[in-house]
Amino acid sequence: MRDNPQMNENASHLQATRTLSLRSTDIDALGGAFFTQLHPTPLPDPYWVARSEVTTRQLGLSPNWMDGEDALALLVGNQVAQVPSPLATVYSGHQFGVWAGQLGDGRAILLGQTAQGQEIQLKGAGRTPYSRAGDGRAVLRSSIREFLCSEAMHGLGIPTTRALCIAGSDHPIYREETETAAVVTRVAPSFIRFGHFEHFSYRNQHDELRALADQVIDRHYPECRQSDRFDGNPYAAFLETVSERTAHLLAQWQAVGFCHGVMNTDNMSILGLTIDYGPFQFLDAFVPAHICNHSDTQGRYAFNRQPNIAYWNLYCLGQALLPLIDSQEQAIAALESYKQVFPAAFESRMCAKLGMKSPRLGAREAIETLLSLLAKDRVDYTIFWRRLSRHLAGDALDLVRDLFLDRSAFDAWMLSYLELTSSIGYAEMANLMLKTNPAYILRNHLGEQAIRTAKLKDYTELHRLQALLHNPFDESPGCAAYADFPPDWAERIEISCSS
Ligand code: AMP
Ligand code: MG
C-alpha cells in the first residue's frame, strides 16, 4: 500500500513558487455537474490571526509574500482576479446514520490547485448554492480549532488536511451568541469525500460516478489499475485501498485518543485524511465511551465506536460504488480488508507506544488489560503514556503508579509488561516510546485558552500552542503546564456542531 499523500516535509526539491500561483482544480475538468463556479464573498477589513510556517514552506511560498497585503486579500477571498476558476463542489451524505440527501460545500470554496497538486480551499468564504440555511461563514473560535488541530495532527504524523493560515475580521457572525468571522485556508491533495460518490450514485448518475472514480483513481490510486486483485476490477481495488487507508487512519486516531465527533459520510476523506474539524477532542481521562460532540445525544460517534462507524461509512461508499464494481461479492470482499487491517494496525501502533517495534505473542492481551485498567481508574491517557515512556528513560516508576487507584492491579500489569519486553533494552524502548507518545496534545482547555485571548486580538497563546503542537514529542523548557492535567473547568467545556 502506498503512503498517504502528505506534503513532503523537506520541500527543498520544490521550486520556490514564492507567491501562490493557482491553476484550476481537477474537479473543474469534470464539468458542471460536480460544482458551481463562484467567487468568495469579500470579508470586510481582514487581518492575520495565524499562519503555519511549515505549510508555507511546504507550498514553496515565500514568508515575505505571506506577510503582505496581497496574500491576505487572496487568502480571505477578497482578491481573486488571478484565480482561474474558484468553485464549490456538490456532495451528499449520511448524517448520524440517516441519508441526508444533497449537502455540498456550503461555506468552503476551492480556489485552485498548486503546480505540485495541492488544492487550496477557503473555509468560511461566504454562501454558495449548497449553504441551505447557513450563512456561509465560520467563526473565529471554530477556525482556530481547525487550524490548530490540522497542524497538531500533522505534528503527530496522522494523515490530515492541512491549514495554511487564518484571517479574521470584526464582521459579526450570529451563533448562540454574536461572534466574529474568520477564514481558514485549508490545503490537501484532494477534498473529495465519500459523500461525493454517494451523491451521483443515489441519483443514478452513473456516468458522473464513473468519471469521478476514474479521476480519483488515476490521480491518487493509479496502482488500482495495475492490480491483479478482483480479476483486474479497478473499482473494487479502489474500494479495498480506501478501506485500508481508512483502517490505518482509525488505528492512529484510537492510539492517540482522538475523537472526531462527526463521522458523517460527508466528513470522510477519500484519501484517508482527517477532514472537517468540528467538535473533535483528544481524550483527557481514558473514558472509552466518551462523546465529545455535545449535539451527539445518542453517542453514535463515541470514541470507542469510531472504528465500527468507519466501517459503516465504508459500507456506504461500497454501496455507492456498486454500479461500477458490478459485483456484490467483490464489493464485500474489498470492504472485508478493513476488518483485518484495522486490528493489526491498531495493535502495531499500541505496541510502538509500549516500546515494541513489532507485535509479539502476548502483546494483544497486555494492551487489552492495560486499557481496561486505564478505563477503570479514568487515568489521563496522554500523561500515562508519556510518564511510562519517561520511566523507561529513567524516571521513577511512582510517577506512573500514582496515576492508578488500583495500584496492585497496575503492579501486576507492569510485571507482565516487563516480562513481555524483557528482550528489549530500556534505552531502545524509551527511544521509540518518546517518539510515539506525545507530551503535548490539543486538549480542549488549551484550545479554549488560545481562543479566549485571540478574541481579544492577543495571539501570543495561539502561536505558542501552535509551535508546541508542531513538535509534540519534544518537551520545551518552561512549557510543563501544557503537558499537565486539565483543570477542573475543562470538563465543563461543551463543544457542539455550532461553528
Ligand atoms: P459539517 O457538519 O460541518 O460537516 O457540515 C455539514 C454541511 O453543512 C456541509 O454541507 C457544510 O458545508 C454545511 N454548513 C455547515 N455550516 C455552514 C454554514 N455556516 N453556512 C453554510 N453551510 C454550512
Ligand atoms: Mg463537513
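Numbers here are sequence positions counted from 1. Read the numbers this way: they start at 1 and go in the same order the structure lists the ligands and their atoms.
In summary, the aromatic rings of Tyr202 and Trp99 are positioned with their centroids under 6.0 Å apart.
Between the side chains of Tyr235 and Asp326, no donor-acceptor pair of N or O atoms lies under 3.5 Å.
Excluding waters, the protein N/O/S atoms found under 2.8 Å from the Mg ion (ligand 2) are Asn267 OD1, Asp276 OD2.
With salt bridges taken as basic N to acidic carboxylate O contacts below 4.0 Å, one links Arg193 and Asp276. At a threshold of 4.0 Å, the pair Asp214-Arg225 counts as salt-bridged, since one of the basic side-chain nitrogens sits closer than that to a carboxylate oxygen.
Applying the side chain to side chain donor-acceptor pair (under 3.5 Å) test to pairs two or more places apart or on separate chains, those with a residue in residues 444-453 are Arg145-Asn444. Sorted by first and then second residue, the salt bridge (Lys or Arg N to Asp or Glu O under 4.0 Å) pairs involving residues 295-324 (not counting sequence neighbours) form an empty list.
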Exercise answer, ligand 1 polar atom pairs (N/O) under 3.5 angstrom:
unit_1, atom_1, unit_2, atom_2, d
ligand 1, 4 (O), Asn267, OD1, 3.0
ligand 1, 4 (O), Asn267, ND2, 3.2
ligand 1, 8 (O), Arg132, NH2, 2.9
ligand 1, 10 (O), Gly104, O, 2.6
ligand 1, 12 (O), Gly104, O, 3.2
ligand 1, 12 (O), Gly106, N, 2.8
ligand 1, 16 (N), Arg107, NE, 3.3
ligand 1, 19 (N), Asp135, OD1, 3.0
ligand 1, 19 (N), Arg137, O, 3.2
ligand 1, 19 (N), Arg175, NH2, 3.4
ligand 1, 20 (N), Asp135, N, 3.3
ligand 1, 20 (N), Gly136, N, 2.8

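Annotation for Asp170 and Thr180: closest pair O-CG2, 4.0 Å, computed over non-hydrogen atoms. Of all the heavy atoms in Ala450 and Glu461, the pair that sits closest is CA-CG, 3.9 Å.
Remark: of the listed residues Gln102, Arg203, His199, His199 is the sole one forming a side-chain hydrogen bond (donor to acceptor under 3.5 Å, both in side chains) with Ser92.
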